[in-house]
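A short write-up of the structure that comes next.
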Number of protein chains: 2
Amino acid sequence: MGESLLFLTDEQLRQGIEGMFFAYRGFTSAPDQILEGISYGRAHHRALHFIARSPGMNVNRLLTILGVTKQSLNRVLRTLIEDGLVESRVGVADKRERHLYLTEEGTALETRLSEAQRAQMRAAYRRAGPEAVAGFRQVLEAMMDPELRRIYSALREGGA
Amino acid sequence: MGESLLFLTDEQLRQGIEGMFFAYRGFTSAPDQILEGISYGRAHHRALHFIARSPGMNVNRLLTILGVTKQSLNRVLRTLIEDGLVESRVGVADKRERHLYLTEEGTALETRLSEAQRAQMRAAYRRAGPEAVAGFRQVLEAMMDPELRRIYSALREGGA
DNA sequence: CTTGGAATGTCAACAAGACTGACATAACAT
DNA sequence: ATGTTATGTCAGTCTTGTTGACATTCCAAG
């Protein structure tokens with residue numbers, strides 16, 4: 001326990017901060033390269049990811065997950081729907097709600113992006129080894145603020 | 001070894017991806033709150049951080065670290081210099097180069113931002129425990145692409 | 001000494017992606 | 001019938017990134 005106080009020097013924390021900064025660039029680079037060619041950006045990728053993860057999700061839930069305004073999401077979603085990557089179906093129980101699904105084409109792009117990003121993640125995980133990965137995941141979860149941690153856990157359970 | 005193949009299911013990788021996404025939001029939220037009041041953004045924070053880390057660094061090196069164009073950095077740097085947070089000194093050996101230093105005021109803001117972010121990091125590290133942190137750092141380093149990893153290591157050595 | 005190239009700064013224009021505010025519509029709930 | 005919720009949309013703004021063009025300064029090689 002004395003150790004857990006000792007080892008948290010400012011220098012160690014600073015390295016963690018810089019580590020997050022540099023690693024996040026590596027984390028996004030593979031899908032970014034794919035997105036460069038087509039006329040979509042990271043925002044589109046994020047929307048596709050979470051729609052793929054929880055098909056039939058309504059707009060409000062996606063807004064909460066992404067943490068952006070509805071105007072911001074709507075711009076992205078509109079282009080994806082217009083381009084036939086996402087389908088928006090009126091809710092059955094509540095007709096005000098729109099439920100979001102990937103079309104075949106949307107699934108194809110999401111798979112491409114996802115595979116590139118997973119390949120990058122897989123390589124990092126392999127290099128670091130299973131024990132490091134377990135620790136990595138623990139710290140990531142500890143870094144989230146409570147609401148996002150709940151969303152994260154819900155995705156894990158519901159998205160299987 | 002069989003284990004290190006087995007445990008990397010797509011679902012595990014997906015959780016790692018979502019973990020990075022959600023954790024990065026937690027990672028930036030504390031300094032973002034401070035920045036809200038004043039007229040600076042994350043780009044200013046990043047510049048201040050790395051100038052504080054390696055005082056006297058020239059512009060080109062900072063460009064490489066941040067991975068943006070000189071025009072983009074210059075806009076940020078100009079406001080910081082105008083506002084008296086950063087000082088730009090002409091190089092001694094090579095007078096084309098500008099070496100960057102924080103002023104007293106710049107140091108004050110950087111310290112404020114840095115302390116907020118370190119507090120957040122410290123809390124996460126404490127929750128996860130020392131072993132998890134070691135693994136976390138290993139995975140982060142494995143996620144960087146080689147050039148950034150070199151920069152990251154150079155900072156660790158030079159910035160003590 | 002002249003010339004080429006490197007390091008830096010600056011102007012202009014633009015794009016993505018976030019924001020706020022205001023307003024419209026449809027549908028649920030009371 | 002009325003208020004609230006879920007969604008969409010229009011208009012305008014901000015930050016942060018981009019490209020392209022050009023000027024200045026200065027080192028270094030001929």
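Small disclaimer: the values here were computed from a predicted structure and weren't measured. Reminder, nothing fancy here: chain letters follow the sequence lines and each chain counts from 1. When reading the values below, keep in mind they use all heavy atoms of this one structure, side chains included, and skip hydrogens, waters and symmetry mates.
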Can you check nucleotides 11-16 of chain D for protein contacts, nitrogen or oxygen pairs under 3.5 Å, and list what you find?
from	atom 1	to	atom 2	distance (Å)
D:dT16	OP1	B:Arg42	N	2.7
D:dT16	OP1	B:Ala43	N	3.2
D:dT16	OP2	B:His44	ND1	3.4

Task: NZ/NE/NH1/NH2 to OD/OE distance under 4.0 Å, A:Arg89 and A:Glu87 - done: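 Yes, A:Arg89 and A:Glu87 are salt-bridged.
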
Open item on the list: Can you tell whether the side chains of B:Arg156 and B:Glu141 come within less than 4.0 Å, N to carboxylate O?
Closed with: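 Between B:Glu141 and B:Arg156 there is a salt bridge, with a charged N closer than 4.0 Å to a carboxylate O.
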
Open item on the list: Going by salt bridge (charged side-chain N to carboxylate O under 4.0 Å, His left out), B:Glu18 matches just one of A:Arg118, A:Arg53, A:Arg149. Which one?
Closed with: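 When A:Arg118, A:Arg53, A:Arg149 are each tested with B:Glu18, the salt bridge (charged side-chain N to carboxylate O under 4.0 Å, His left out) holds only for A:Arg53.
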
Find the distance [X]:[atom1] to [N]:[atom2] and express it as a whole number of Å.
X: B:His99; N: D:dT25; atom1: NE2; atom2: P; value: 18 Å
X: B:Glu36; N: C:dA18; atom1: CD; atom2: C1'; value: 13 Å
X: B:Leu62; N: C:dA7; atom1: CG; atom2: P; value: 15 Å
X: A:Leu35; N: C:dA15; atom1: CG; atom2: P; value: 18 Å
X: A:Met57; N: D:dT7; atom1: CE; atom2: P; value: 12 Å
X: A:Arg78; N: C:dG17; atom1: CZ; atom2: P; value: 14 Å
X: A:Leu63; N: C:dT20; atom1: CG; atom2: P; value: 12 Å
X: B:Asn74; N: C:dG9; atom1: CG; atom2: C1'; value: 6 Å

Task: Side-chain N or O of A:Asn60 closer than 4.0 Å to phosphate OP1/OP2 of D:dT7 - done: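 Result: yes.
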
Open item on the list: Side chain of B:Thr69, heavy atoms from C-beta onward: which of D:dA21, D:dT19, D:dG8 has the nearest atom to it?
Closed with: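 Selected nucleotide: D:dT19.
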
Open item on the list: Can you see whether A:Tyr152 has A:Arg150 sitting over its ring - NZ or CZ less than 6.0 Å from the centre and within 45° of the normal?
Closed with: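 No cation-pi geometry.
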
Heavy-atom count around [X] [atom1] within 6.0 Å, excluding the residue itself: above 12?
X: A:Gln33; atom1: CD; result: no
X: A:Gln71; atom1: CD; result: yes
X: A:Arg127; atom1: CZ; result: yes

Open item on the list: Using heavy-atom distances to pick each residue's nearest nucleotide on DNA chain C, tell me which of A:Arg98 and A:Lys70 is more 5'.
Closed with: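 Closest to the 5' end, via its nearest nucleotide, is A:Lys70.
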
Open item on the list: Among residues at least two apart in sequence or on other chains, which ones pass side-chain hydrogen bond (donor to acceptor under 3.5 Å, both in side chains) with A:Asn60?
Closed with: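 A:Asn60 satisfies side-chain hydrogen bond (donor to acceptor under 3.5 Å, both in side chains) with no other residue.
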
Would you tabulate the side-chain donor-acceptor contacts of residues 96-105 of chain B under 3.5 Å, counting partners in other chains and residues two or more places apart, or write 'none'?
from	atom 1	to	atom 2	distance (Å)
B:Arg96	NE	B:Asp94	OD1	3.1
B:Arg96	NE	B:Asp94	OD2	3.4
B:Arg96	NH2	B:Asp94	OD2	2.7
B:Glu97	OE1	B:His99	NE2	3.4
B:His99	ND1	B:Gly56	O	2.7
B:Thr103	OG1	B:Gly84	O	2.6
B:Thr103	OG1	B:Leu85	O	3.2
B:Thr103	OG1	B:Glu105	N	3.4
B:Thr103	OG1	B:Gly106	N	3.1

Open item on the list: Among residues at least two apart in sequence or on other chains, which ones pass salt bridge (Lys or Arg N to Asp or Glu O under 4.0 Å) with A:Arg14?
Closed with: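 Applying salt bridge (Lys or Arg N to Asp or Glu O under 4.0 Å) to A:Arg14 gives B:Glu110.
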
- [ ] For DNA chain D, find the residues of residues 80-89 of chain A with a heavy-atom distance under 4.0 Å and give them by number; none if there aren't any.
- [x]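 The answer is none.
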
Task: Single-linkage hydrophobic cluster, 4.5 Å side-chain cutoff, A:Leu77 and A:Ile38 together - done: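 Result: yes, single cluster for both.
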
Produce the list of close N/O pairs, under 3.5 Å, pairing protein atoms with atoms of nucleotides 27-30 of chain C; give distances to one decimal.
from	atom 1	to	atom 2	distance (Å)
C:dC28	OP1	A:Lys95	N	2.9

